[in-house]
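Below: the structure, in structure tokens.
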Amino acid sequence: MPAEELPEIFAFFDTIGDGKVYVDQLGNVLRAAGLTPTEAILETMSKPWAGNKEVRLTVEDVKPIYSNVKKEMGNDVLFETMHACLSHYDREGNGTISHADLRHLLVSSGEKMSEREADLVTSSFFVPDGNNVDITEFVKHIQAL
């Protein structure tokens, strides 16, 4: 999720209506923005406001934090998470998921895709047997989008 969507996230967590969030909501805001910061990262990033739970942060305060957390986390965490989730469906243990299982996940989980969209996304990742999709290549492609 790009940093440009932070104002929408702030609107959800803003309980007063001033366009700000409490510093102790920083982790929730970053998670809602698609990041998975550790408690250590959150502690480091919120150090300037340590001990003052009444501090309210603006979107402009959080944008550099968002960028730093995203850079510090890198894509490895996302790659590993997505790969691990899809690997649960790797019935043969060869790094592939059946096209049918992947399509089912894409059209029935989270932000659902249409069947046509799922076919477009998966069509170029078939392994030689033509029925399975290479998990590693698929996750790399999704990350590049």
Side-chain angles (χ1 to χ4, degrees), residues 1-47 49 53 55-145:
M1 174 176 292
E4 293 80 35
E5 294 183 26
L6 283 173
E8 292 176 37
I9 295 168
F10 264 65
F12 180 77
F13 287 99
D14 178 8
T15 57
I16 295 176
D18 62 355
K20 299 177 183 179
V21 297
Y22 285 104
V23 69
D24 64 352
Q25 293 175 297
L26 180 60
N28 293 334
V29 168
L30 293 174
R31 288 181 192 98
L35 301 178
T36 53
T38 63
E39 289 301 317
I41 290 173
L42 288 174
E43 186 176 320
T44 300
M45 295 298 166
S46 61
K47 193 170 272 191
W49 307 285
K53 302 251 186 230
V55 170
R56 292 185 52 82
L57 305 173
T58 66
V59 171
E60 296 307 314
D61 294 328
V62 175
K63 279 184 181 180
I65 294 170
Y66 172 89
S67 296
N68 287 337
V69 170
K70 189 171 183 176
K71 187 184 328 173
E72 192 165 322
M73 287 176 45
N75 283 333
D76 291 340
V77 173
L78 177 61
F79 177 87
E80 293 300 324
T81 302
M82 289 179 66
H83 199 282
C85 289
L86 292 176
S87 292
H88 286 288
Y89 297 91
D90 179 5
R91 295 184 180 134
E92 298 172 14
N94 62 1
T96 64
I97 181 173
S98 76
H99 182 252
D101 284 344
L102 183 56
R103 282 184 78 250
H104 175 74
L105 288 170
L106 294 174
V107 300
S108 64
S109 302
E111 291 187 34
K112 299 170 181 76
M113 293 182 167
S114 70
E115 290 192 23
R116 184 176 186 288
E117 290 170 328
D119 285 338
L120 287 172
V121 170
T122 62
S123 64
S124 59
F125 298 98
F126 286 108
V127 291
D129 71 6
N131 293 321
N132 293 320
V133 175
D134 184 288
I135 294 171
T136 301
E137 293 304 314
F138 180 74
V139 173
K140 285 179 184 177
H141 174 73
I142 294 299
Q143 280 188 299
L145 295 177

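The structure presented is a predicted model; accordingly, all values stated were derived computationally and were not measured. Positions are given from 1, in the same order as the sequence printed here.
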Self-check item: Exercise: identify the closest heavy-atom pair between Val59 and Leu6
Solution: CG1-CB, 4.1 Å
Self-check item: Distance in Å, Met113 CE paired with Leu105 CG, rounded so as to fall on 0.5 Å steps
Solution: 11.0 Å
Quiz prompt | Shortest non-hydrogen separation from Val29 to Val21 and the atoms involved | solution = CG2-CG2, 4.1 Å
Exercise. Return yes when atom CZ of Phe12 has more than 12 non-hydrogen atoms of other residues, nucleotides or ligands closer than 6.0 Å, and no otherwise.
Key: no
Quiz item: For the residue pair Gly19 and Phe10, what are the closest heavy atoms and their distance?
Solution: O-CD2, 3.5 Å
Quiz item: Heavy-atom distance under 4.5 Å between the side chains of Asn131 and His99, does that happen here?
Solution: no
Quiz item: Partners of Asp134 by salt bridge (Lys or Arg N to Asp or Glu O under 4.0 Å), sequence neighbours excluded?
Solution: none
Quiz prompt | Side-chain donor/acceptor of Ser114 to backbone N/O of Glu117, under 3.5 Å | solution = yes
Quiz item: In Å and rounded to the nearest 0.5 Å, what is the CG to CZ distance from Asp101 to Arg91?
Solution: 4.0 Å
Practice problem: Check whether any side-chain heavy atom of Ile9 sits under 4.5 Å from a side-chain heavy atom of Val62, and report yes or no. | Solution: no
Quiz item: Pick from Val55, Asp61, Ile65: which one makes a side-chain contact (heavy atoms from CB on, under 4.5 Å) with Leu26?
Solution: Ile65
Self-check item: Any Met45 side-chain heavy atom under 4.5 Å of Leu30 side chain
Solution: no
Quiz item: Nearest 0.5 Å, what's the CG-CG distance between Asn132 and Asn94?
Solution: 6.5 Å
Self-check item: Pairs flagged by salt bridge (charged side-chain N to carboxylate O under 4.0 Å, His left out) wherever residues 20-42 is involved - sequence neighbours left out
Solution: Arg31-Glu39
Quiz item: Would you say Ser46's side chain and Trp49's backbone share a donor-acceptor pair under 3.5 angstrom?
Solution: no
Practice problem: Could you tell me the separation between the CG atom of Asp90 and the OG1 atom of Thr96, rounded to the nearest 0.5 Å? | Solution: 5.0 Å
Quiz item: How far apart are the closest heavy atoms of Lys53 and Tyr22, and which atoms are they?
Solution: O-CD2, 3.5 Å
Quiz item: From Leu86 CG over to Phe138 CZ, what is the distance, rounded to the nearest 0.5 angstrom?
Solution: 6.5 Å
Self-check item: Residue list, ring-ring contact (aromatic ring centres under 6.0 Å, His included) with His83, at least two apart or on another chain
Solution: Phe79
Quiz item: If you look at every heavy atom in Ala118 and Val107, which pair is closest and at what distance?
Solution: CB-CG1, 3.8 Å
